[in-house]
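In listed order, ligands and their atoms are each counted from 1.
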Amino acid sequence: MSDSEADPELLDLLRQHLQGKLNLDEEPETGVLGGAEYVYDNSIDVALDMRATKNAAAFIYDQMQRKQYSTEKWAEHELHPKTKDESTVAFIFTMDLLNFSFWSLRSEDERFAVSYRDKTWTGYWSLVASLQRALEEDIPITDPHFWQNEEECNLESLRHVFRSCTDEEIPLLEDRLTCLREAGRVLYEKYDCSFTSCIEAANGSAAALVNLLAQDFSCFRDEFQFEGRRKPIRFLKRAQILVADIWGCFNGESYGAFRDIDKITMFADYRVPQILATLGCIGYSPPLHALISRKETIESGSKYEMQLRGPNVACSIWCVELIRREIERNHPGAKVNAILIDFFLYDTMKLMEAEGKETMPHHRTRSIWY
Ligand SMILES: Nc1nc2c(c(CN[C@H]3C=C[C@H](O)[C@@H]3O)cn2[C@@H]2O[C@H](COP(=O)(O)O)[C@@H](O)[C@H]2O)c(=O)[nH]1
């Protein structure tokens, strides 16, 4: 094969190896950050504001210090599981299998909502509340055997698990059942029916666990073709947030002990890009800004979504990386990684939304990816 036909990326790797720069048994990479930088470098619809990003880094670091923001915050959330054991690993795996697309086109009091513990929960928290409620009703919703039992686990029983206290049903119910079925089958075939076996197979590497999820579970394989690039761009958002939730819940110990956790990027969905735009860190081209502001549904996989999700999310991933580097530059040794910045930004966005301070809408695409 002549050089002109060979894969340029492979040639580059071989060149690095020959120059002794490449340690092939280095830790695995997920490729998410590199892909995000590529899309950002090739985007015309979304741009980063460096001054606002530097200011955001100072604000975020200051707020995280004041709130003593750490992994401990994860378990402090009322609905998150508290025990540090295998049942919590099963809960988090189930949760992040289904952690997508809660937004509604209806008004705040008509959108899908779950009544639990005398409160009404929406968005991500409606998912967590539904799972906790099911367990209290002795429905084994976190058990892969249940997910594969078509007599017990089907559209009807899931409709009961995710029953709403409004007229709107949980979005993509059929897709959620499909995710549970596939995960049940893969865990049965490859991981002794337990996600803890998948964690053990990653041998303490967060990047390896993300790659295992993308390789073995199609419902975690969140990647797409971006114009002009041979290899797909990988966002792997739910695979990454799953690893991050395990790490956060277990405070980086036990099942959450990953030596390369800092390789996990922020999670490419619709909430954190929204707050980065609110902080002025990312800006949209006028046509894109108009599209988002109109709150119209954008079809998953459409040219518009690719233009939006790719650049918007890639820029968000790259923006959070620049915020992390700015914090590290000003505060050497600070215990802040992309995950904690992301968790903080998501929680801050939810507080702003609750106080009616949501100025910049998020885009609306129905998809199992985010
Ligand atoms: N980037 C990012 N996205 C996050 C989260 C979380 C919740 N994580 C908890 C765990 C630790 C943190 O402290 C959080 O309390 C959910 N999501 C995503 O948002 C969307 C739901 O939005 P809404 O409908 O408004 O609730 C949906 O795609 C969901 O997957 C996060 O942390 N980061």
Are there more than 12 heavy atoms of other residues, nucleotides or ligands under 6.0 Å from atom CZ of F146? yes

For the pair F235 and F224, name the ring-plane relationship: parallel under 30°, tilted 30 to 60°, perpendicular over 60°. tilted

Rounded to the nearest 0.5 Å, how far does CD1 of I141 lie from CD of E152? 11.0 Å

Check each atom of ligand 1 against the heavy atoms of I241 and keep those under 4.0 Å away; list them by number with element. 4 (C), 5 (C), 31 (C)

Per-atom contacts, ligand 1 versus F267 - under 4.0 Å to a heavy atom: 1 (N), 2 (C), 33 (N)

Does a sphere of radius 6.0 Å around CG in D167 hold more than 12 heavy atoms from other residues, nucleotides or ligands, not counting ones at 6.0 Å or beyond? no

Is it the case that ligand 1 has an N or O less than 3.5 angstrom from some N or O of Y124? yes

Which heavy atom of the protein is the closest neighbour of atom 18 (C) of ligand 1, given with residue, atom name and distance? D269 OD2, 3.3 Å

Taking 4.0 angstrom as the limit and counting only heavy atoms of R271, give me the atoms of ligand 1 inside it, by number and element. 19 (O), 22 (O), 23 (P), 25 (O)

shortest atom 33 (N) of ligand 1-to-protein heavy-atom contact is with D342 OD1, 2.5 Å

Can you list everything that forms a side-chain hydrogen bond (donor to acceptor under 3.5 Å, both in side chains) with D269? Sequence neighbours excluded, please. none

Less than 4.0 Å between a side-chain N and a carboxylate O, is that true for R133 and E136? no

Would you mind running through ligand 1 and noting each atom that sits below 4.0 Å from a heavy atom of K350? 23 (P), 25 (O), 26 (O)

Numbered in order shown, the ligand 1 atoms found under 4.0 Å of a heavy atom of D245 are 10 (C)

Could you tell me, atom by atom, which parts of ligand 1 come under 4.0 Å of a heavy atom of V272? 1 (N)

Between F267 and Y370, ring centroids under 6.0 Å: no

Could you tell me how the ring of W125 sits relative to the ring of H80: parallel (under 30°), tilted (30 to 60°) or perpendicular (over 60°)? tilted

Tell me the protein heavy atom at minimum distance from atom 17 (N) of ligand 1, and give that distance in Å. Y346 CE1, 3.7 Å

For atom 30 (O) of ligand 1, the protein heavy atom that lies nearest, with its residue and separation: K237 NZ, 2.4 Å

Enumerate the residue pairs fulfilling side-chain hydrogen bond (donor to acceptor under 3.5 Å, both in side chains) with a member in residues 236-253, sequence neighbours excluded, ordered by first and then second residue. T71-N251, W74-D245, Q240-T265

Can you list the ligand 1 atoms lying under 4.0 Å from a non-hydrogen atom of D347? 12 (C), 13 (O), 14 (C), 15 (O)

Looking at H77, which atoms of ligand 1 are within less than 4.0 Å of one of its heavy atoms? 13 (O), 15 (O)

Specify the protein heavy atom at minimum distance from atom 21 (C) of ligand 1: its residue, its atom name, and the distance to 0.1 Å. Y270 OH, 3.4 Å

